[in-house]
Amino acid sequence: MQHLDDNTQAQPAPPCIMVIFGAGGDLTRRKLIPSLYHLMREGLLADGFAVVGVDRLELSDEAFRELFEQTLRDYQAAEFDPEVWRRLAERLHYSQGDFKDPAAYQALRQRLQHCTQAHASAANYLFYMATPPSLFSQIIRLLAEAELSLEREQGWRRVIIEKPFGKDLDSAIALNRELHQYLDEAQIFRIDHYLGKETVQNIMAFRFANGFTEPTWSHQFIEHVQITVAESVGVEHRGTYYEEAGALRDMIPNHLLVLLGFVAMEPPNSFDACNVRDEVNKVLRAVQPLSPEDVLTRAVRGQYGEGLMPNGEKVAGYRGSPGVDAQSRTETYAAIRFMIDNWRWADVPFYLRTGKRLAGQFTEIVIQYRHVPFQLFRNTPVEQVQANQLVIRVQPDEGIQLSFSAKIPGPVMRLGRVNMDFCYADYFGNAPTTGYETLIYDAMNGDATLFKHADTVEVGWELVAPVLDVWSALPPRDFPNYRAGSWGPAAAGELLRRDGFRWRHIDSA
Ligand code: BG6
């Protein structure tokens, strides 16, 4: 992550060749190529940059380029710049091959040599695993056997790995062990696309670049924290994957815990990758492990049935989605109450929730402040002074909102609830980004601040392991237990009500 103020310009990343395994897939089309287009537009790719896509389809370089042009035109709309696309397109190459076949790696080697010369590039290779996770270790092994991932004096070799990183603690440890057989930790860039979101990075800026935040950022002033990733979409065409994963595995050990880590971490000594990652790990290690009994009272699961979305669309239940078992017991909603065992956060609950087919599509963090210590207004018409609430809107409408009490004009003392609202778009414009731009650029620069260390991945799985165990031992009997278009199962509301709180968006049904 480059740290820029008004006087500094980001420099183009060092020349390199990005090899995308899974170049014919969705991720490449929807995220990777658009991100490279944005980086090209911003002048952040070196002249010696090129891409080699690898996949099983038979494609010429020309046909490979054509896969993306229309998507880009649609996505960029009026912003599409044919000149930027031309500069990127001439750097896109394709190498056909089966990921499991050593011959594919020999063909790739030749392609790489050719591209290095043709683009006067350096022999720096960034391998991007945009494939199903079951292929990660095999590709890494075959890359190593073809001596393509060995770092030599004249060039670096880095590997970006997509989630899911394992499906539980044991498989994540095993995958880390396999990767470490062939790669140093410093060569591995485990992606969590939430870390690429500007608003997530802004949590650090908001906390550590402003004098007023940190003094109140603790149990002394904060009553509880809510972290919500609500999705109104269903599982779409990913039913087969989702049946195995479920909402908990899909979202909590990675995206939601990343958000918790940034909200709860101690100030790092610097924004150096090691320091930031150490602090995130430290706070995640302080999260109280749940006992099996805790799981019964502190974790809630749900699955949506058919229902009416707020836009009036009638949608089928999860069990009616393609690729999903008609009796499926996979959860599409998960909520957990975590406590953090450290000085700063003693007795402050952190409630995490995520679900599909909910009444809204947004990601936000709610910092609920405590009430003022003294009721100054008790001899006035003011009945109760509401506590302050800070909402960090991660997406959409990215911004930060602080609500507080103000006097309603008039002869008597009455209080009204008002908001101070900062919207990213008002201040910094709204250039379309995918969230992957910074991550790809950082990986090219060797900056791992926004990538996950092996430890961070493992601690994430450790924290959800008791929930996975109890949930698989006690299959749910009440699924489906929330309607599509609602705010999730009733038990999730109860999780907070027991503590005297409620979710910021409550069940409107
Ligand atoms: C992915 C999950 O990692 O994140 C998806 O697999 C989910 O199920 C997505 O929809 C959410 O990401 P975003 O950026 O749209 O909030």
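Start at 1 and go down the list; that is how both ligands and their atoms are numbered. Predicted model, so just to flag it, every value in this text is computed and none were measured.
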A.B. asks: Regarding E178 and H180, do their side chains bring together a donor and an acceptor under 3.5 Å, going by distance alone?
C.D. replies: no
A.B. asks: Students often mix this up, so state it plainly: with edges at 30° and 60°, are the rings of F501 and Y351 parallel, tilted or perpendicular?
C.D. replies: perpendicular
A.B. asks: Judged by modelled atom types alone, do Y242 and T332 share a side-chain donor-acceptor pair under 3.5 Å?
C.D. replies: no
A.B. asks: Examine the side chains of R190 and N176 and answer whether a donor and an acceptor come within less than 3.5 Å of each other.
C.D. replies: yes
A.B. asks: In a table with atom names and distances, give each donor-acceptor pair under 3.5 Å that connects a side chain of residues 464-477 to protein atoms at least two apart or in another chain.
C.D. replies:
| from | atom 1 | to | atom 2 | distance (Å) |
| --- | --- | --- | --- | --- |
| S472 | OG | L468 | O | 3.4 |
| S472 | OG | D469 | O | 3.3 |

A.B. asks: Tell me, which residues have any heavy atom less than 4.0 Å from some atom of ligand 1?
C.D. replies: K163, H193, Y194, K197, E231, R238, D250, M251, H255, K356, Q395
A.B. asks: Walk me through it: do I20 and D55 pass the test side chain to side chain contact (heavy atoms under 4.5 Å, CB included)?
C.D. replies: CA-CA 8 Å; I20 305 177; D55 218 319; over 6 Å; no
